[in-house]
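Structure first, commentary second.
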Amino acid sequence: MAPTSRRNNKPTSSSGGGLKGFFTRAGKSFYTGGVFASDKCYKVAEKLCKLGFIFATVCMVAYAPLVFEIAREGQMIESEKLQVGELRNQGYSDMQLRELGYSGPSIARAPSVLLKK
């Protein structure tokens, strides 16, 4: 049986008291805290990975088609602008171009301030 101290009849630890005992107990406490923290961090990291995977999947499914559609719309406006330019050279007015079904951005002209002289 371990030796007991006379005051409180508790078994004394082998680390003893004083500075050496303090550092021994502190080391054990830090080790236990580190094991606890690494366990909790691992669980949090698992949850964040799952959340990140869900977020990335939603972005690919929802936002990628939107980006592609915006790019395609820009290309369509550019091609309509070329067609409108050809029709203007043939003498069509803006009203006639609207009646033909061309969109407003492709018919719109640059402000006169931007035109070079």
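From a predicted model like this one, the values you see are computed outputs, not experimental measurements.
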Backbone N or O of Lys28 within a donor-acceptor pair of the Thr32 side chain at under 3.5 Å? yes
Spacing of Lys50 atom NZ and Leu48 atom CG [to the nearest 0.5 Å]: 11.5 Å
Find the distance between CG (Leu51) and NZ (Lys47) and round it off to the nearest 0.5 Å. 11.0 Å
Qualifying salt bridge (charged side-chain N to carboxylate O under 4.0 Å, His left out) pairs with a residue from residues 30-42, counting only residues at least two apart or across chains: Asp39-Lys43
Given side chains that start at C-beta, do those of Phe22 and Arg25 come closer than 4.5 Å, heavy atoms only? yes
What is the distance from atom CG of Leu87 to atom OG of Ser93, rounded to the nearest 0.5 Å? 11.0 Å
Starting at CZ of Phe68, measure out to CZ of Arg72 and round the result to the nearest 0.5 Å. 12.5 Å
With ILVMFWY side chains joined below 4.5 Å, transitively, what does Val61's cluster contain besides itself? none
Given Ser103, which partner from the list Arg98, Glu80, Glu73 fulfils the side-chain hydrogen bond (donor to acceptor under 3.5 Å, both in side chains) test? Glu80
Quick check on the hydrophobic clustering: are Val84 and Leu100 connected, directly or via other members, by side-chain heavy-atom contacts under 4.5 Å? yes
